[in-house]
Amino acid sequence: MSATIRITLPDGSVKEVPAGITTGEIAQQIGPRLAQAAVAAKVDGAIWDLNRPIQKDARVEILTETSGADALYVLRHSSAHVLATAVRQLFPEARIGFGPPIDDGFYYDFEVPRPFTPDDLERIEAAMRDVVKADQRFGREEVSRDDARRRFRDDPLKIERLEELGDEETISVYTNGPFFDLCRGPHVPSTGRIKHFKLLHAAGAYWRGDSRRQMLQRIYGTAWFKKDDLEQYLRRLEEAAKRDHRMLGKQLDLFSIQEDVGPGLILWHPRGAVIQFQLRRLIEDEVIKRGYDLVYTPNITREELFKRSGHLPLYEANQFPPMAAGAGEAEEVRYRAKPMNCPFHILIYASRQRSYRDLPIRLAEVANVYRNELSGTLHGLLRVRGLSMDDAHIFCREDQIEEEIFQMLDLTDFVLRQVFSFEYRLDLATRPEKKIGDDAQWEFAEKALKAALDRRGLTYGMDQGGGAFYGPKIDVKIRDAIGREWQGTTIQLDYQLPERFQLEYIGSDNKPHRPAMMHRAIYGTLERFVGLLIEQFAGAFPLWLAPEQVRVLSITDAQGPAAKAIHERLRAAGVRSHMDERNETLNYRIRDAELQKVPYMAVVGQREVDQGTVAVRTRGAGNKQEIISVDAFLERLKREIASRSLELGKTP
RNA sequence: GCUGACGUAGCUCAAUGGUAGAGCAGCUGAUUUGUAAUCAGCAGGCUAAGGGUUCGAGUCCCUUCGUCAGCUCCA
């Protein structure tokens, strides 16, 4: 006998249906068009296949191609299976790893005797199209552990995963055509639903993300419901490539990285240095207003200092090897380039006795540090070996911690959101495996960070195990042009260093106490931040940051002296003005200034000379020129620069 | 660091194992231009570095350095 169950639909209506009905059948009952468009269903909030039977009362929502992220997730997961089906067909010896959906696409990991070539990818993609054409039905089976062991006996990676599943977990196997996979699902009804996909690239990836385990070959792809969406996505990738800071850095002559100097070491050309300089000014001015003191400390130090701080040996892999002082009195003394500034700031703190009345003490320094990062991780300005950190260390009483963190979050918001309109995401990173200090200290520190975040009413993610070895931290992630996330701001609590350096202050009880300590960088590093800014603005910087703010162009040589006078007047007023008096046509010089993304061009012809005006052309505004007096132009420039407006011609 | 691809003029790219080219940029000259490329000429290279195979290597092989994608790591 078949029992009846009650299905609640999103509009609140209730359907009485026999138990064992599938969500696909429910869709069919509602309407054939819905059934046609259906991809999967949400049953009590969980995503299910359309052909999975429902046995008890539930809320059901049919997901269609237009249901957004959930539906795409299912499509891409199924695409990964189609990929694996094709790979297995062409490379029967391939063993399968994991194949999940990811943002914008999917991947699948394979253990194969040799890596995939670009040719292989083309063949695999063609084979995938055959699988799609065959319109294989995705079937779901629940199997016993023994059964699963038998079925995956040739796939050791799957067996490894299988053995980790708890006894209470359902073991499900999904099949399509000849392919079967240990998989939680869900999937689209059949492979024919996957029409618009493309394989993007192949690369090595460690099994389970562990660099001690074997390397598998990962194939990345993207998949969409509509042809337009796929094309738009591919176009978006191309557009993003045009914003790549490495390409723009070359075109706009901002910086270079040269083999003669070394990987990850930046040469800031004059035009790039301007941007860095403006950022330094901004943060230094702001920090002074907020009660910090600026300090300067050396780039190298006796190695003992980093032993005392605990960086050696824990951080040694990231440090450059020691250098000897050479012949003479200090022959045996070994020095190290600094990877961090904390020990120096600590020594400044400890250089005299401190009272509770002095706290908090906030020491700030935009400093160069050197970290020997793995060569394969270096990436333009976004990951370098010579870093300019806008670093600071705060020493305070325990009861001041929360307020200090609160203030740092405020400074972060000022810089990232108010000044730059960055969308940013916060993470609370907790204790890692490699750490110093006991669990009680970590517990306390993690709570303090949480309290400040909650007090500011911020939402944040948890990054379990992502903390620094000396304490938990709050990290800010900013996306680059192609959507990769990079850490910018970091706020870290540290209970270890004050202990190691025996830091003290004299409390109101006239007894010594240990201060709390925090590290923080708002930009993170100037290298990375400038890199992200280049991509954010696609090289077209707002006036206050632009390497060249105005380019003065004379129409013929006759206006040369007058143009030069205007240029010099602007420069004397602090405007970054350049003059283009090359023997080229006006059109040529305008084109050049546009390509260099100069915010304003000031064109000076005979009419302008006679009237004491300039013809102002705004970047990107075509030939909508504006004739104004030199005085008015200069006033406008000054106002816009001071306002740090992100848009040309607009002062907030 | 690992896996793979790649490295040719300042830049972007060509060159079935058989004399290294083009466009732009640069230099010289002509031209004096009113809002996205004026014309002509000239110069520019030990093909990343080092080794090997070959009558002959930019091209094939090895090593090193570097770049790119991803993994790991991280500001």
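Lettering follows sequence order; numbering is per chain, from 1.
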message = Let's test your reading of the model: under 3.5 Å, does the base of B/rU35 pair with the side chain of A/N587 as donor and acceptor?
response = no

key: Short side-chain to backbone donor-acceptor contact, A/E111 and A/L216, under 3.5 Å   = no

key: Separation of B/rU72 P from A/M215 CE (nearest whole Å)   = 9 Å

request  = Look at A/Y220 and B/rC71 and indicate whether a side-chain polar atom (N or O) is within less than 4.0 Å of OP1 or OP2.
outcome  = yes

B/rU38 OP1/OP2 closer than 4.0 Å to side-chain N/O of A/T585 = yes

request  = Output yes when at least one side-chain N/O atom of A/K250 is less than 4.0 Å from OP1 or OP2 of B/rU12, else no.
outcome  = yes

message = Counting the atoms with a prime plus P, OP1 and OP2 as sugar-phosphate, which does A/V384 contact under 4.0 Å by heavy atoms, base, sugar-phosphate, or nothing?
response = base

ask   = Which nucleotide sits closest to the side chain of A/Q217: B/rG1, B/rU3, B/rG34?
value = B/rU3

task = Would you indicate what A/Q606 reaches in the nucleic acid, counting non-hydrogen atoms under 4.0 angstrom: base, sugar-phosphate, or nothing?
result = base

task = To the nearest Å, give me how far apart OH (A/Y108) and C1' (B/rG70) are.
result = 19 Å

query = Among the nucleotides B/rG1, B/rU32, B/rA75, which one has an atom lying closest to any side-chain atom of A/D557?
reply = B/rU32

task = In whole angstrom, give the distance that lies between atom CZ of A/R114 and atom P of B/rG4.
result = 12 Å

request  = Starting from P on B/rC74, measure out to NE2 on A/H519 and report it in whole angstrom.
outcome  = 15 Å

ask   = Quick check: does any side chain N or O of A/D410 sit under 3.5 Å from a backbone N or O of A/Q407, one acting as donor and the other as acceptor?
value = no

request  = Please work out if A/G605 contacts a base, only the sugar-phosphate, or nothing of the nucleic acid, heavy-atom cut-off 4.0 Å.
outcome  = base

ask   = Has A/Y588 got a side-chain N or O lying under 4.0 Å from the OP1 or OP2 atom of B/rA25?
value = yes

message = Any base atoms under 4.0 Å from A/R218, or only sugar-phosphate, or nothing? Heavy atoms, all strands.
response = sugar-phosphate

query = A/R551 has an atom CZ; how far is it from atom P of B/rG34, in whole Å?
reply = 19 Å

key: Nucleotide-resolved protein contact map, nucleotides 60-68 of chain B, B/S/- at heavy-atom distance under 4.0 Å   = -----BSSS

message = Whether the side chain of A/R383 and the base of B/rC73 hold a donor-acceptor pair under 3.5 Å is what I'd like checked.
response = yes

ask   = So what does A/A202 touch, heavy atoms closer than 4.0 Å: a base, only the sugar-phosphate, or nothing?
value = nothing

inquiry  = Please pick, from B/rG34, B/rC71, B/rC74, the nucleotide with the shortest atom-to-atom distance to any side-chain atom of A/T377.
reply    = B/rC71

task = Take atom CG of A/D475 and atom C1' of B/rC73, then tell me their distance rounded to the nearest Å.
result = 14 Å

task = Name the nucleic acid region contacted by A/E594, choosing base, sugar-phosphate or nothing; use a 4.0 angstrom heavy-atom cut-off, strictly under.
result = base

query = Taking atom C1' of B/rA75 as reference, at what distance in whole Å does atom CE of A/M340 sit?
reply = 9 Å

remark   = Applying the Watson-Crick and G-U criteria (both distances under 3.5 angstrom) with [ ] for crossing and | for other-strand pairs, one obtains for RNA chain B (((((((..((((....[..)))).(((((.......))))).....(((((..]....))))))))))))....

message = Rounded to whole Å, how long is the line connecting atom CD of A/Q214 with atom P of B/rC71?
response = 17 Å

request  = For A/G524, answer base if it contacts any base atom (sugar-phosphate contacts may also be present), sugar-phosphate if it contacts only those atoms, and nothing otherwise; contact means non-hydrogen atoms under 4.0 Å.
outcome  = sugar-phosphate

message = Counting the atoms with a prime plus P, OP1 and OP2 as sugar-phosphate, which does A/E527 contact under 4.0 Å by heavy atoms, base, sugar-phosphate, or nothing?
response = nothing

request  = Give one of base, sugar-phosphate or nothing for A/Q258, where a contact means two heavy atoms less than 4.0 Å apart.
outcome  = nothing

query = Touch check for A/S211, heavy atoms < 4.0 angstrom, all strands: base, sugar-phosphate only, or nothing?
reply = sugar-phosphate

message = Does A/K473 reach a base, just sugar-phosphate, or nothing at all? Heavy atoms under 4.0 Å.
response = sugar-phosphate

ask   = Between B/rU72, B/rC71, B/rC74, which nucleotide gets closest to the side-chain atoms of A/A205?
value = B/rC71

ask   = With respect to the side chain of A/H201, which nucleotide from B/rG1, B/rG70, B/rA36 is positioned closest?
value = B/rG70

